[in-house]
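It should be emphasised that the depicted structure is a prediction, and the values quoted were computed from it without experimental measurement.
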Amino acid sequence: DKQPTPTSFEALKKALETKAGKGTGAELTCSATADEKKILDYVKKIAEDANRAKYNRNPFNSNQCRDFAARALSAGG
């Protein structure tokens, strides 16, 4: 059914917390209706933008990884 299992979800969460988050907590969201191609297209567009603003670790700034993830999921419909 292509849905994540509790075990795979936990493995992804742990990898994000240790490798990408450098020890910070991670929150995961799964959407069965999101269009994976649209999400990946959005991510590639941002990744290839040499003029994009640098991320800011300030939790009150709207340009951080959590906001990026939310915008990517939103791009997927």
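- Cluster annotation: Leu16 and Phe9 are assigned to the same hydrophobic cluster (Ile/Leu/Val/Met/Phe/Trp/Tyr, side-chain heavy-atom contacts under 4.5 Å, transitive).
- Taken to the nearest 0.5 Å, the CD atom of Glu48 stands 10.0 Å off from the CD1 atom of Ile46.
- In terms of heavy atoms, Ile39 sits closest to Gly76 at CG1-CA, 3.6 Å.
- Contact of the Ser31 side chain with the Leu73 side chain is registered, since non-hydrogen atoms from C-beta on lie closer than 4.5 Å.
- When all heavy atoms of Tyr42 and Ala75 are compared, the closest pair comes out as CB-CB, 3.7 Å.
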Task: Stepwise salt bridge (charged side-chain N to carboxylate O under 4.0 Å, His left out) check, Asp67 with Arg71 - done: CA-CA 6 Å; Asp67 298 303; Arg71 290 190 299 270; 5.1 Å; no

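- Checking side-chain atoms of Glu17 against main-chain N and O of Ala26 turns up a donor-acceptor pair under 3.5 Å.
- Side chain of Ser74 to backbone of Ala70: no donor-acceptor contact under 3.5 angstrom is found.
- Here the closest non-hydrogen pair linking Val43 and Phe68 is CG2-CZ, 3.8 Å.
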Open item on the list: Could you walk me through whether Arg66 and Glu27 satisfy the salt bridge (charged side-chain N to carboxylate O under 4.0 Å, His left out) test, starting with their C-alpha distance in whole Å, then the side-chain angles of each, then the deciding distance to 0.1 Å, before giving a yes or no?
Closed with: CA-CA 9 Å; Arg66 179 176 294 157; Glu27 297 175 25; 3.6 Å; yes

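- Under 3.5 Å, the side chains of Thr7 and Thr5 contain no donor-acceptor pair of N or O atoms.
- Asp41 has no carboxylate O lying under 4.0 Å from a charged side-chain N of Lys45, or vice versa, which leaves the two without a salt bridge.
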